[in-house]
Amino acid sequence: MANGRAGELVLPKAKESEAARWSLAALRKLFKNSIVIVVLLAIWEVTPRLGIINITFFPPISQVLATWWQLLLSGDLLDHTAASLSRSIGGFALAIVVSIPLGLAIGWWKPVAEYLNPFLELMRNTAALAILPVFILLLGLGETSKVAIVFYACIFPLLLNTISGVKNVDPLLIKSARSMGLNAVSLFRKVIVPASIPTIFVGIRQAGASSILVLVAAEMVGATSGLGYLIQYAQFSFLITEMYAGIITISVIGLIVNYVLVSLEKRLTGWKQNARE
Amino acid sequence: MAVKISIEHVQKSFRIKRNMGALKEEAQPLSALHDINLEVRQGEFMVIVGPSGCGKSTLLDLLAGLTTPSSGRILLDGKPIAGPNLDRGIVFQQYALFPWKTALGNVEFGLEAKGVGREERRKRAKEYIDLVGLSGFENRYPHELSGGMKQRVAIARSLAYDPEVLLMDEPFAALDAQTRETLQSELLRIWETTKKTIIFITHGIEEAVYLGQRVAVMSSRPGRIKQVIDIPFESRSSEEDLRSNPEFVRLRHEIWELLKDEVVRAQEQEKSKTLDSFKSADARKGVAKHG
């Protein structure tokens, strides 16, 4: 009887401690992931207040966040974000639709790829922003030039990675598929495309990052809306907290975009992802 | 027994550009196979053994229909081989499994190419996974399987679409010794169950004597069939250890005698090839310095 009771007592305790261990592990992970950021934010808050940094040019984070909240409530922030996102997603999507099929085709015809590769490398390493004046000259200051510059910035990493993905498919897999009598079309569809997806995704991630980067810079140069414009305008008008609010918004958006792309990649190339764990 | 495959006066040469760049030598044809003649009977387990670089894999590519002979012909059931087809299945040394497909998906791949319907495909793939002893691993991806398991999947994949001939290109060479021995006896069991004609390429003499009903010994490059040796064991799957049987030892020695000089020659060829490529690399460097 006593034993039974002891057992009853022990069991929930064991469960409890296990749950505690789980939450402890989660807490530790949370701590590891956030401690550096938290410390930096604390420094951001404290140093201007103590007068170590000029409070006018570097307002404490709490003030920045308060301004951010007001911008959100007034709807300004949403308008600018929407303007930026529609341009960047537009150019990015357009680049994907154009360059992945194109890259698959170029990679498949190896001679074409060999001719085009130096040109593509050159274009990729020409900073997109250096060409921005050309885009503005040709396409004006409207939406078109901004979508075009994003498109331009996205297309080269996508193309290059898609081409190298197709070119570097393990020849043994092709041989194996050919030995099973696959014709060119099904070989392409069932072997080449799935085998190159991981490399294509490297291109998609690079393009996603540069789509935001290039857009913000473009908006700073010539735009009347968008987050880049908000930051630039705020700085010119000496609205320092607004400027920081804009910067924070952009970094959060960048983080979200990357997260979305990474989780999409995990889902599509799960067979490979597991191997790295 | 009926002849399944007959290889008649097959030659194969490649044009290889050696010393390219610096010396710009003309492309010189390299003879890989020289006048190969071999007949493989229906249901036979034929092993081809030879030193490395003797053109064994070239011969297998020809049998698979992935390349065509420079001269001569290969007949399957009396008809010349026109190209790759599902009547021949290949098992490669490096497995060649599709990493984005599960074990089951890989086995289904050939069936899909054959146009077998979804339900039937699944059913048959499961049967063959069972045959190679991998039940329970259907949904694993290749990277989750050991080398031996991968090769089992590859064998199941090649058997599932029911080819008449199974071509195996040093399939166990990348495996550790114990796994290799297990798979060798498994293969014999599968061969006895399915009654397929098997052409098995290896550089292992012991493997050749253990598996083959006949062993064709190839010479160093250009590859020729030096001799075909009968291996007269009746039942290989018996309890006793075949490898310590005196007859086994004698046959292994006989083949080694045939191969010994070829191996030495093959190694010489390898050395001079390596030296050549060094020389041309040096020549190139010299050009670069002066240029």
Side-chain angles (χ1 to χ4, degrees), chain A residues 100 103-104 107-108 110-111 114 118 161-162 164-205 261-277, chain B residues 57 60-67 81-103 105-116 139-145 150 153-155 157-163 165-171 174:
Chain A
I100 290 181
L104 289 173
W108 185 235
K110 280 199 175 126
E114 275 159 23
N161 281 293
T162 309
S164 92
V166 173
K167 265 172 61 184
N168 295 330
V169 176
D170 185 353
L172 186 63
L173 294 184
I174 298 176
K175 193 173 172 182
S176 162
R178 279 220 304 139
S179 79
M180 286 185 252
L182 260 70
N183 59 30
V185 177
S186 22
L187 181 69
F188 192 76
R189 204 163 58 83
K190 289 182 179 164
V191 179
I192 307 285
V193 173
S196 30
I197 280 180
T199 323
I200 293 176
F201 247 97
V202 175
I204 291 182
R205 281 230 312 277
L261 291 179
V262 167
S263 50
L264 189 66
E265 182 179 7
K266 259 189 195 154
R267 175 170 293 195
L268 277 178
T269 62
W271 51 272
K272 189 153 198 180
Q273 205 73 30
N274 295 341
R276 275 187 232 139
E277 272 167 20
Chain B
S57 297
L60 197 104
D61 283 356
L62 289 171
L63 286 164
L66 292 166
T67 49
I81 284 174
N85 194 298
L86 289 167
D87 56 15
R88 280 151 286 144
I90 310 191
V91 178
F92 297 95
Q93 181 185 334
Q94 297 300 340
Y95 326 122
L97 297 178
F98 302 112
W100 58 89
K101 284 184 175 288
T102 59
N106 266 289
V107 178
E108 282 185 38
F109 191 90
L111 292 167
E112 212 179 317
K114 205 179 181 180
V116 177
N139 296 319
R140 297 290 185 92
Y141 285 97
H143 71 81
E144 298 170 313
L145 300 171
K150 281 184 210 166
V153 175
I155 292 172
R157 178 175 66 180
S158 295
L159 286 172
Y161 51 83
D162 200 22
V165 180
L166 194 60
L167 306 168
M168 307 184 86
D169 189 1
E170 305 204 21

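Bear in mind the structure is a predicted one, so any value in this text is a computation, not a measurement.
Taking 4.5 Å as the limit, some side-chain heavy atom of B:Val153 sits within range of a side-chain heavy atom of B:Val107. For the pair A:Phe188/A:Leu104, a side-chain contact is recorded, criterion being any heavy-atom separation below 4.5 Å from C-beta on. Considering only heavy atoms from C-beta on, A:Ser176 comes within 4.5 Å of B:Phe98 through its side chain.
Checked by atom type and distance alone, the side chain of B:Arg88 pairs as donor or acceptor with a backbone atom of B:Ala64 at under 3.5 Å.
Contact of B:Leu167 with chain A is not made at all, since no heavy-atom distance falls under 4.5 Å. In this structure, chain B has a heavy atom under 4.5 Å from the side chain of A:Leu182, while its backbone stays farther away. Heavy atoms of B:Asp87 lying under 4.5 Å from chain A are absent altogether. Contact of A:Ser186 with chain B is not made at all, since no heavy-atom distance falls under 4.5 Å. Proximity to chain A (any heavy atom under 4.5 Å) is restricted, for B:Arg157, to the side chain, taken from C-beta onward.
Going from atom CG of B:Leu60 over to atom OG of A:Ser179 covers 9.5 Å, rounded to the nearest 0.5 Å.
Among A:Ala177, A:Pro194, A:Gly181, the residue with the largest count of heavy-atom pairs under 4.5 Å with chain B is A:Pro194.
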